[in-house]
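Read through the structure below, which is laid out as structure tokens, and then see the notes.
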Amino acid sequence: FLLGLVQVGIGLWQVISYVPNPSYPIKTPFFGTLGTPNGLGILLVLSLLCGAYIALTNQKKIWVIIGCIILLGGIILSESRASVLILIVVSGCVFFIKLLQDGLGVKKVSATAAVLGLIGGWAFILYFMNEESSNGRWILWEITWTMIKENSWLGIGQGNYAIEFLNYQKEYFADINHQQFAYKASNIKQAHNEFLQSFASGGIIGGLFFMLLWLCPAFLMANYERKN
């Protein structure tokens, strides 16, 4: 929590002291000591979640709430779509877990509909915050899906994605209908989707193992909640 606040302070200093360089434009100078706005944004989301927990379990919580507001402002300044998406998904998961624990009712169903509408609205906003980048991701994932289909069981091997992508993008953009999108998704070093990349690199075996790393903790947590 405190680390996040320190990073916000460093980021604000970077914004104040930033001198634009026309030959090297950047998205935002607000990136703390992590080097990228996405990295800072994700750290601030984790810090915000820690702050929320502290606020809910501590009676003297006014300063913590103020800190959480500062962290939320830092997330906005980072202009990181990934961090906003993470915050939305985590908040939605917490809401639905609480919903299942307390049972359903008319008010709960209405609240669920409102939360789903809010998540959908934010997803729409995030998509059009940088539409070209979002469209590029769809093309990138389409190429990665072809990679997965052609190397289903064992994948292309760990660490080979950047090299293999060059071969697959060559075939994809050889199609005259795809050439207009080449500037959006060419010479990529990663899939920008950990699940797709795990299946592309490790095949079905590696991809399923990666998914288990996410599903096992969720299953254990659900089992613990049920018993208690």
Side-chain angles (χ1 to χ4, degrees), residues 7 11 24-47 49 74-75 77-90 93 122-175 177-218:
Q7 289 293 331
Y24 189 70
I26 60 175
K27 179 181 177 181
T28 172
F30 187 85
F31 48 75
T33 61
L34 279 83
T36 66
N38 275 341
L40 175 60
I42 292 170
L43 172 65
L44 296 183
V45 169
L46 294 175
S47 301
L49 294 174
I75 293 170
L77 285 174
S78 73
E79 299 182 22
S80 169
R81 292 177 299 164
S83 60
V84 176
L85 184 60
I86 291 171
L87 184 60
I88 293 170
V89 171
V90 171
C93 288
W122 268 108
F124 183 83
I125 292 171
L126 288 174
Y127 187 91
F128 286 100
M129 278 178 65
N130 191 338
E131 187 177 359
E132 283 199 354
S133 174
S134 300
N135 291 335
R137 297 294 172 88
W138 287 113
I139 297 169
L140 170 58
W141 295 339
E142 185 177 347
I143 297 173
T144 304
W145 179 245
T146 302
M147 196 182 297
I148 294 171
K149 289 190 295 184
E150 294 184 4
N151 303 272
S152 301
W153 290 103
L154 298 177
I156 59 175
Q158 296 297 326
N160 293 332
Y161 184 89
I163 297 173
E164 289 296 329
F165 187 85
L166 293 174
N167 298 324
Y168 281 91
Q169 77 167 16
K170 179 182 178 181
E171 296 179 10
Y172 184 84
F173 293 125
D175 186 333
N177 295 318
H178 297 156
Q179 289 177 2
Q180 59 180 315
F181 305 116
Y183 74 98
K184 294 182 180 179
S186 59
N187 303 322
I188 301 295
K189 294 181 173 59
Q190 57 186 359
H192 291 280
N193 183 306
E194 294 297 334
F195 295 99
L196 285 178
Q197 181 145 349
S198 65
F199 277 96
S201 299
I204 293 175
I205 297 173
L208 290 176
F209 179 77
F210 180 78
M211 290 189 69
L212 284 174
L213 296 178
W214 292 82
L215 294 175
C216 284

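As the structure is a computational prediction, the values presented were derived from the model and not from experiment.
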Task: Shortest non-hydrogen contact from L196 toward N193 - done: N-OD1, 3.0 Å

- [ ] Please tell me if the side chains of F165 and Q190 come closer than 4.5 Å, counting only heavy atoms from C-beta onward.
- [x] no

Open item on the list: Quick one, L49 with V90, criterion side-chain contact (heavy atoms from CB on, under 4.5 Å). Give me CA distance, side-chain angles, the key distance, then yes/no.
Closed with: CA-CA 9 Å; L49 294 174; V90 171; 3.9 Å; yes

Task: Validation row: F31, T36 side chains within 4.5 angstrom (heavy atoms) - done: no

Task: Approximate separation, where rounding is to 0.5 Å, of W145 CH2 and E142 CD - done: 12.0 Å

TODO: Please report the shortest heavy-atom distance between A191 and T144, naming the atom on each side.
DONE: CB-OG1, 4.0 Å

Open item on the list: Suppose we call two aromatic rings close when their centres sit under 6.0 Å apart. Are F199 and F195 close by that rule?
Closed with: no

Task: Gap between atom CG of L44 and atom CD1 of I86 - 0.5 Å precision - done: 11.0 Å

- [ ] May I ask you to test the L77-T28 pair for a side-chain heavy-atom distance under 4.5 Å?
- [x] no

TODO: Kindly indicate, with the supporting measurements, whether the criterion side-chain contact (heavy atoms from CB on, under 4.5 Å) is fulfilled by Y172 and T146.
DONE: CA-CA 9 Å; Y172 184 84; T146 302; 5.8 Å; no

TODO: Considering non-hydrogen atoms only, spot the tightest contact between G41 and I75 and give its length.
DONE: O-CG1, 4.3 Å

Open item on the list: Is it true that, when you exclude F124 itself, more than 12 heavy atoms of the residues, nucleotides or ligands shown sit nearer than 6.0 Å to its CZ?
Closed with: no

Task: Inter-residue atom distance S78.OG - L43.CG, 0.5 Å rounding - done: 10.5 Å

TODO: Indicate yes or no for a side-chain donor-acceptor contact from Q7 to the backbone of G32 under 3.5 Å, with no hydrogens or angles considered.
DONE: no

Task: Distance in Å, Q158 CD paired with Q197 CD, rounded so as to fall on 0.5 Å steps - done: 8.0 Å

TODO: Locate the shortest heavy-atom distance separating N38 from R81; write the atom from each residue and the value.
DONE: OD1-N, 4.3 Å

- [ ] To the nearest 0.5 angstrom, please state how far the OG atom of S83 sits from the CD1 atom of I88.
- [x] 9.5 Å

- [ ] Show your working on side-chain contact (heavy atoms from CB on, under 4.5 Å) between E79 and F30 and close with a plain yes or no.
- [x] CA-CA 9 Å; E79 299 182 22; F30 187 85; over 6 Å; no

- [ ] Could you check whether the rings of W141 and W138 sit parallel, tilted or perpendicular, using 30° and 60° as the cut-offs?
- [x] perpendicular

Open item on the list: Using every non-hydrogen atom in the two residues, find where K189 and Y161 come nearest and quote the distance to one decimal.
Closed with: O-CD2, 3.5 Å

Open item on the list: I'd like to know whether F173 forms a side-chain contact (heavy atoms from CB on, under 4.5 Å) with I139, so could you lay out the CA-CA distance, the side-chain angles of the two residues, the decisive distance to 0.1 Å, and finally the verdict.
Closed with: CA-CA 10 Å; F173 293 125; I139 297 169; 4.3 Å; yes

- [ ] Say whether, by atom type as modelled, one donor and one acceptor occur between the side chain of S152 and the main chain of K149 under 3.5 angstrom.
- [x] yes

Open item on the list: Can you tell me how far apart CD1 (I42) and OG (S47) are? Round to the nearest 0.5 Å.
Closed with: 12.0 Å

